[in-house]
Amino acid sequence: MKIPPGWRVYLLGATLCVALTICSRNFGDRGGPYFMASLTLAGVAYLLAIRELFATPRFPRRVVVLGIVLAAVWHAEFLRLPPGVDDDIHRYVWDGRLQRFGYNPYLVVPSDPAAQWLHTPETRNLNNPDLPSPYPAGAQLFFRAVTTIQESTFALKVAFVVCELAIILLLLDLLRRKQRAHLVLAFAWNPLLAIEVVGSGHIDIVGALLLVVSAAALVRRWRATAAVALGLAIAVKLLPVVLLPLYWKRVRIRDAGLAAAVVVLLYVPFLNHGRIPIGSLGTYVQSFRFNGPVFAALDQVAPPQLLAGLAVVVGLVTATWLRRAAPEWSPDQFAWPMAASLLCAPAVFPWYLLGLLPFLMSASTLLIILWTVSIIPVYVQWHLRAPGRPWGALPGWVMLLEYGCLAIAAAMIALRRIRRSAALQCPSGPVE
């Protein structure tokens, strides 16, 4: 007896719920055997669910509702957990606290003895204490706003979950227009959301929300809103800057000027002697290396600043090509320029992919969807550093597995397209 698609989705959703619940119980040992086994199972279930969601044109509304309820269950499991002791969210609390006390987070170094009185138990052991903040002004103001309400990592995690919920609502509105509302589960069920948004708490989800707002505004031809939302997204996380070519002739010059003015105004509170601060961003480019195969291959032959610029150029070129090749606007176009740029970046942490997740809604993004799962093995690094292994030195098999899966999948997709093209060019019978 053949199981209907709706019931297969229910079964896969239940599998995801069980796997991620087990994963949450082992969150304290990120990268450990139980964490990795349950997260891998969740990743496989997610890919099978993607297959069902893309293959079936429509699902009953109850499938979407139950799917979102299931996602809420495993999200609740992660929300109640404290973040890791060295997760970036502790820096977010510190940056917000500094601003509330009248200090500039781009200038104050957490390890400075003169700043010790500013610390709280949640900020005392933050990572990279010898460096000032690298986060752009939009992110800084978000930290300040949340910590003004309540100064804690839990408050920030709740704020990130609210952003995720807002993304789901916006995606439902966009997808209903195409009668494909069930595809919202391609976003809501991605395991990275549970680990990196609800578990660890990363600011990337705020940038993702602003990008979805911009995409929704473009669909409605609200050009000023689209431009300003993109500017705010860039002010939260710099990666969306590579999407600028997609806005060519879709927004007016005055809209772009307004967006630029808003971004500049965000930096005014942080100006240092009239200069726009960048904090430790330069140190990040110069020294941080993690899971970046292209950057690692070229690091010996070119300076890191040039390679970082190359990563941006690759994203801009990809966006330019998409703008010319597909004149009709589709939110799916957001994913590939950012993915191409990340592939060439000096560090590719799992949470860097969060900004791509809302735009993985079609078969054209299957490779990126696979990447959100094939990146799971890098969590081994969190487990390996417990005995004292230095950060950043991933085992060779991890990157081979992560990017080898992508290479094989890319080859299979290319071969399939070649065969399909050949079949279309060769008639199956004689022409009368």
Side-chain angles (χ1 to χ4, degrees), residues 24 27 71-72 74-108 110 115-127 129 132-170 188 193-214 225 228-229 231-237 262-263 265-270 277 279 351 354-355 358:
S24 70
F27 190 67
W74 69 69
H75 275 56
E77 292 293 322
F78 280 93
L79 184 60
R80 65 182 181 84
L81 300 173
V85 293
D86 61 349
D87 278 334
D88 293 341
I89 195 169
H90 299 286
R91 169 75 71 162
Y92 305 165
V93 176
W94 169 256
D95 286 358
R97 182 173 173 81
L98 283 181
Q99 294 173 69
R100 290 172 46 245
F101 277 88
Y103 293 94
N104 191 332
Y106 296 116
L107 302 178
V108 178
Q116 293 309 300
W117 68 276
L118 289 167
H119 279 288
T120 68
E122 286 193 317
T123 67
R124 199 166 299 282
N125 296 316
L126 54 75
N127 58 23
S133 182
Y135 298 103
Q140 296 292 348
L141 294 173
F142 183 87
F143 303 153
R144 178 169 185 169
V146 175
T147 55
T148 298
I149 300 171
Q150 183 182 351
E151 189 182 283
S152 69
T153 55
F154 181 75
L156 280 161
K157 287 175 63 172
V158 169
F160 295 145
V161 170
V162 171
C163 291
E164 185 184 333
L165 177 60
I167 290 175
I168 290 174
L169 295 176
L170 285 170
L193 290 176
I195 304 298
E196 300 301 347
V197 176
V198 196
S200 297
H202 280 102
I203 188 65
D204 305 66
I205 196 66
V206 179
L209 171 59
L210 291 166
L211 283 179
V212 175
V213 170
S214 185
T225 302
V228 171
L232 292 174
I234 295 170
V236 168
K237 203 77 174 180
V262 169
V263 173
L265 286 174
L266 293 179
Y267 274 94
V268 169
F270 307 102
W351 56 89
L354 292 176

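By convention here, the first residue in the shown sequence is residue 1.
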Side-chain heavy atoms of Glu164 within contact of Val198, under 4.5 Å: yes
Steps toward side-chain contact (heavy atoms from CB on, under 4.5 Å) verdict (Val206, Phe160): CA-CA 7 Å; Val206 179; Phe160 295 145; 3.8 Å; yes
Heavy-atom closest contact (Val146 atom, Ala159 atom, distance): CG2-CB, 3.9 Å
His90 to Gly84 - nearest heavy-atom pair and separation: NE2-O, 2.9 Å
His119 backbone acceptor or donor facing Thr123 side chain under 3.5 Å: no
Backbone of Lys237 reached by a side-chain donor or acceptor of Tyr135 within 3.5 Å: no
Leu266 and Leu232, any side-chain heavy atoms less than 4.5 Å apart: yes
Distance-minimising heavy-atom pair for Gly207 and Ala233: O-CB, 3.9 Å
Closest non-hydrogen atom pair between Ala235 and Pro136, with its separation: O-CB, 2.9 Å
Check: Arg97 side chain, Glu151 main-chain N or O, donor-acceptor pair, under 3.5 Å: no
Under the salt bridge (Lys or Arg N to Asp or Glu O under 4.0 Å) test, residues paired with Glu122 that sit two or more places apart: none
Side-chain (Lys157) to main-chain (Ile89) donor-acceptor, under 3.5 angstrom: no
Straight-line distance of Asp87 CG to Leu126 CG, nearest 0.5 Å: 11.5 Å
Backbone N/O of Asn127 and side chain of Arg91: donor-acceptor pair under 3.5 Å: yes
Heavy-atom closest pair, residues Ala115 and Val108: CB-CG1, 4.0 Å
Mutual orientation of the aromatic rings belonging to Tyr267 and Tyr106 [parallel < 30°, tilted 30-60°, perpendicular > 60°]: parallel
Leu170 vs Leu209, side-chain contact (heavy atoms from CB on, under 4.5 Å): CA-CA, chis, key distance, verdict: CA-CA 9 Å; Leu170 285 170; Leu209 171 59; 3.9 Å; yes
Where Ala208 and Pro358 come nearest, the two heavy atoms and their spacing: CB-CG, 4.1 Å
Stepwise side-chain contact (heavy atoms from CB on, under 4.5 Å) check, Val263 with Ile234: CA-CA 8 Å; Val263 173; Ile234 295 170; 5.7 Å; no
Straight-line distance of Trp94 CH2 to Tyr103 OH, nearest 0.5 Å: 9.5 Å
Distance (rounded to the nearest 0.5 Å) between Trp74 CH2 and Leu193 CG: 9.5 Å
Heavy-atom donor-acceptor pair, Gln116 side chain to Pro110 backbone, under 3.5 Å: yes
Chi angles and distances behind the side-chain contact (heavy atoms from CB on, under 4.5 Å) call for Ile203, Asp88: CA-CA 9 Å; Ile203 188 65; Asp88 293 341; over 6 Å; no
Nearest-0.5 Å distance that lies between atom OG1 in Thr148 and atom CD in Gln99: 8.5 Å
Asp95 side-chain N/O to Gln140 backbone N/O, donor-acceptor pair under 3.5 Å: no
Inter-residue atom distance Ile205.CD1 - Leu165.CG, 0.5 Å rounding: 11.0 Å
Side-chain heavy atoms of Val212 within contact of Ile167, under 4.5 Å: yes
Nearest-0.5 Å distance that lies between atom OG1 in Thr153 and atom CG in Leu81: 11.5 Å
Donor-acceptor contact below 3.5 Å, side chain Asp204 vs main chain Gly355: no
Pairing residues for His202 by the ring pair (Phe, Tyr, Trp, His ring centres under 6.0 Å) criterion, not counting sequence neighbours: Trp351
